[in-house]
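See below for the structure under consideration.
Side chains are part of it too, since the values below use all heavy atoms of this structure and drop only hydrogens, waters and symmetry mates. Small disclaimer: the values here were computed from a predicted structure and weren't measured. By convention in this document, chain letters (A, B, ...) are assigned in the order of the sequence lines, proteins followed by strands, and residues within each chain are numbered from 1.
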Amino acid sequence: MSVNSLIDDLKARGLVAQMTNEEELVEHMAQGPVTLYCGFDPTADSLHLGHLVPLLMLKRFQDAGHRPIALVGGATGLIGDPSFKDQERQLNSAGVVQQWSECLKSQISRFIDFSGEDGAILANNYDWTASVDVLSFLRDIGKHFTVNKMIAKESVKQRIEREGSGLSFTEFTYQILQSYDFQQLNSQYGCTMQIGGSDQWGNITGGIDLTRRVNGASTHGLTLPLITKSDGTKFGKTEGGAVWLDAAKTSPYAFYQFWLQTPDADVYRFLKFFTFLPVTDIEALEEADRQREGRPQAQQVLAEEMTALVHGVEALEAARRITEALFSGDLSMLSADDYAQLQQDGLPATAVPTELADLPLTTLLVDAGMASSGKQVKDALQRNAVIINDTACGMEQNMAAAELFSAEAARFGSYFLVKLGKKKHHLFYLV
RNA sequence: GGUGGGGUUCCCGAGUGGCCAAAGGGAUCAGACUGUAAAUCUGACGCGCAAGCUUCGGUGGUUCGAAUCCACCUCCCACCA
């Protein structure tokens, strides 16, 4: 892909929120491979969907011949970015941040190619901040920032102006640290561009300013839009919380299901944001779906692309197998092997307790993680929305767990497929 | 340090002695309708199958009875110094 068409493609996908002078940027990219960076702060032991867009953006640049630097914020993660946050964040211990940094590193490596001499670079800002002493920091770096400008930034404005909140000096300093990153990466690797979410604009321009002052270098910035949902709720959340990229935290099956359930109003936008499918193909798909009666194909395409990308083709196959078995409506088609396979493929499964005479169904299903409170199970029972091996259960069976989970009732002497509502499935097995 | 305002169930936000497990909205869950979509309608929404149990920043107190009154403590905010 030529330089020009990369930016054009990004714009066509709606992936550009803001950028520094477009002409200069395009020209800069035309002159040869650009080294660019994006930072990821370790705020948990895994990246989640919110990180995916910038991460894939690095990949888009790499695919177009540029050289990405993935920066893990081992130092900035210790401070906490106040940008557009309405509350001061709780500090995490150094050991935890260190550990999380390692987690992020290995995840990032799955998306970007770090091999070879021209390969991407993995950096950690802890390496150049940890040893800076206070006086050097204040004299050599701090001197280039005016508090007036720092306060004026939109990203901290509300924290400073708003009642009921404050901004600690610690977090206020964050923008200086991030700016310092850019200046360092510019010195060390010739990095001339920073990308990030639109909330990072203030931090990015801060880095551009610092790099110009200290290194005398001209650099560029580009931000990505915040991913929004048509219904106004936050993108990337499910009832269980964030959708993680770590298969141990969000199973490939759950991940696949997440995308499959994307509302029509969002799905084509998401295809452009998250997949590498050409925009023209996506538009063609949208047109085809419009012509079609009933269910669109887009969600399926999106779910397959994303699951394959994040978890690999095998995990995708597993997710599809489970989906096929659970949503095709007929469980009798499943063989004993299929049940074992479902469990292996990541369908949540729990052993049936040996002593369940007195256990109500509510407790049983809550313990298995199917619902967060007995009330929810009770509600479902009252509406006959709990289905055990194709048999709907009502409230009157709540105390009949021993009967329902007897060896005679089990499929192949061992399995029970329990459905709560339309979408929640759980496998129980006798031991 | 002084003065004033405030801390209510996941979030916002009512409630100023019994009718309060606590209005209303949002989020969430389930049902109907659909396409595992949206919109709409219905129900649930502190915990418990239930009897019942535990909440309104904390601790004590007044009272037959407190989220509501009193004391002290604590945290937040505004203004003043």
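- The salt bridge (charged side-chain N to carboxylate O under 4.0 Å, His left out) search around A/Arg290 returns A/Glu287, not counting sequence neighbours.
- Only A/Arg295, A/Pro296, listed by number, bring a heavy atom of residues 280-296 of chain A to less than 4.0 angstrom from any atom of RNA chain B.
- Taking only side-chain nitrogens and oxygens, A/Lys229 never comes nearer than 4.0 Å to OP1 or OP2 of B/A38.
- Between A/Gln397 and A/Glu403, the side chains place no donor N or O within less than 3.5 Å of an acceptor N or O (distance only, hydrogens not considered).
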Find every protein N or O atom lying less than 3.5 Å from an N or O atom of nucleotides 43-45 of chain B, and list the pairs.
residue, atom, partner, partner atom, Å
B/G43, O4', A/Arg383, NH2, 3.4
B/G43, O2', A/Arg383, NH2, 3.4
B/G43, N2, A/Asp379, OD2, 2.9

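- Relative ring orientation between A/Phe255 and A/Trp259 is described as perpendicular, the plane-to-plane angle rising above 60° on a 0-90° scale split at 30° and 60°.
- Scanning for salt bridge (charged side-chain N to carboxylate O under 4.0 Å, His left out) contacts around A/Lys153 gives an empty result, with sequence neighbours left out.
- For B/G31, the OP1/OP2 oxygens have no side-chain nitrogen or oxygen of A/Lys423 closer than 4.0 Å.
- When all heavy atoms are compared, the tightest approach of A/Ile69 to A/Ala123 is CG2-CB, 4.1 Å.
- Between A/Thr363 and B/C49 there is a side-chain polar atom (N or O) within less than 4.0 angstrom of OP1 or OP2.
- For the side-chain hydrogen bond (donor to acceptor under 3.5 Å, both in side chains) test, no residue two or more places apart in sequence or in another chain qualifies with A/Gln62.
- Taken together, the paired segments of RNA chain B that extend over three or more consecutive Watson-Crick or G-U pairs, each closer than 3.5 Å at both contacts, are B:1-7 with B:74-80, B:10-12 with B:24-26, B:28-32 with B:40-44, B:57-61 with B:69-73.
- For A/Asp231, counting side-chain heavy atoms from C-beta on, the closest listed nucleotide (B/G35, B/A39, B/C49) is B/A39.
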